[in-house]
Amino acid sequence: VIEVRRWAVPRQADTYALSEAARTGAITDADPAAMRLAFERGVVPLLGKGKTDLAHGHATVRQQLDAFHARWGVDGYRLVRVPPDRRAGGRHDDDTILMLDLTYLHAPLFPGVRQVLRHGVPASGADAYTNAARRAGLVVIRRDMAMPMQAQALRQRGKSDGGRGGMPR
């Protein structure tokens with residue numbers, strides 16, 4: 001019960017950061033570097049150690065993430081764009097929708113929980129990131145988010161309005 005309560009705040013912060021990454025991706029044509037920066041700035045309230053300035057807070061977040069990797073041997077989060085799936089019944093099949101998948105890791109407070117995760121949770125196929133996290137005894141938490149792509153819509157309007165990009169004169 002204590003472990004689950006400890007997940008609540010990071011889950012809320014990571015959901016906010018994921019929405020910031022999706023918003024950024026929607027207007028930057030899913031630029032991975034821009035989305036990663038937006039996500040990491042979004043977790044400043046969680047990992048920024050009280051820093052409110054985004055630049056200083058982001059530097060602190062990077063230090064926290066580097067320390068997490070040094071301790072556990074795996075990155076603290078993975079943010080990937082899910083490509084459109086054209087197969088019937090695929091996860092999503094619209095390339096005007098940005099779909100992001102976030103996997104983030106939580107280090108349990110109690111060593112017994114880590115042991116259970118290490119030995120009691122089966123490997124997840126070909127996902128090396130998740131398997132490495134489980135071998136380290138970390139909790140793997142996944143979130144996803146979909147958002148309409150704004151950059152693509154502006155490009156499409158630009159083709160039909162003489163190249164103005166949908167912007168008024």
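Note that the coordinates shown come from a computational prediction; the quantities given were computed from them, not determined experimentally. Worth knowing before you read on, the calculation uses all heavy atoms, side chains too, and leaves out hydrogens, waters and symmetry mates.
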Establish whether F68 and L79 are linked, either directly or via other cluster members, by ILVMFWY side-chain heavy-atom contacts under 4.5 Å. no
First locate atom CD1 of I27, then atom CG of L98, and finally report the distance between them rounded to the nearest 0.5 Å. 11.5 Å
Exercise: identify the closest heavy-atom pair between V61 and G48: CG2-N, 4.1 Å
Report the distance from atom CG of D101 to atom CE of M145, rounding to the nearest 0.5 Å. 11.5 Å
Quick one: side chains of residues 31-41, donor-acceptor pairs under 3.5 Å with protein atoms, not counting sequence neighbours, listed by atom name and distance.
{"unit_1": "D31", "atom_1": "OD1", "unit_2": "A33", "atom_2": "N", "d": "3.3"}
{"unit_1": "E40", "atom_1": "OE1", "unit_2": "H58", "atom_2": "NE2", "d": "2.8"}
{"unit_1": "E40", "atom_1": "OE1", "unit_2": "R62", "atom_2": "NH1", "d": "3.4"}
{"unit_1": "E40", "atom_1": "OE2", "unit_2": "R62", "atom_2": "NH1", "d": "2.5"}
{"unit_1": "E40", "atom_1": "OE2", "unit_2": "Y77", "atom_2": "OH", "d": "2.7"}

Name all residues meeting the side-chain hydrogen bond (donor to acceptor under 3.5 Å, both in side chains) criterion together with H56; count only those two or more places apart in sequence or in a different chain, and write none if there are none. D53
Using the rule that two of Ile, Leu, Val, Met, Phe, Trp, Tyr join whenever any of their side-chain heavy atoms come within less than 4.5 Å, decide whether F110 and V116 are in one cluster. no
Sequence neighbours left out, what pairs pass salt bridge (Lys or Arg N to Asp or Glu O under 4.0 Å) with at least one residue falling in residues 69-84? R78-D127
For A132 and V74 the tightest heavy-atom approach is CB-CG2, 4.3 Å
Using every non-hydrogen atom in the two residues, find where A133 and V140 come nearest and quote the distance to one decimal. CB-CG2, 3.8 Å
Mind checking side-chain contact (heavy atoms from CB on, under 4.5 Å) for A136 and listing every partner two or more places apart, or none if nothing turns up? W72, L138
Side-chain donor-acceptor distances from residues 15-26 under 3.5 Å, at least two apart:
{"unit_1": "T15", "atom_1": "OG1", "unit_2": "R11", "atom_2": "O", "d": "2.8"}
{"unit_1": "T15", "atom_1": "OG1", "unit_2": "R143", "atom_2": "NE", "d": "3.1"}
{"unit_1": "T15", "atom_1": "OG1", "unit_2": "R143", "atom_2": "NH2", "d": "3.1"}
{"unit_1": "S19", "atom_1": "OG", "unit_2": "Y16", "atom_2": "O", "d": "2.6"}
{"unit_1": "T24", "atom_1": "OG1", "unit_2": "E20", "atom_2": "O", "d": "3.0"}

Is the number of heavy atoms from other residues, nucleotides or ligands under 6.0 Å of Q115 CD greater than 12? yes
Are M147 and V80 connected into the same hydrophobic cluster when the rule is that any two of I, L, V, M, F, W, Y join if their side-chain heavy atoms are below 4.5 Å apart? no
Taking C-beta and beyond as the side chain, do K49 and Q63 meet within less than 4.5 Å on heavy atoms? no
Partner residues of A146 under the side-chain contact (heavy atoms from CB on, under 4.5 Å) criterion, sequence neighbours left out: I97, M99
Hphob cluster co-occupancy, Y104 + L109, side-chain heavy atoms under 4.5 angstrom: yes
Side-chain contact test, heavy atoms from C-beta onward, threshold under 4.5 Å: evaluate it for L102 versus D14 and give yes or no. yes
Nearest non-hydrogen partners of L46 and P10, listed with the distance: CD2-CA, 3.9 Å
same_hphob_cluster(L47, L105) at 4.5 Å side-chain heavy-atom cutoff: no
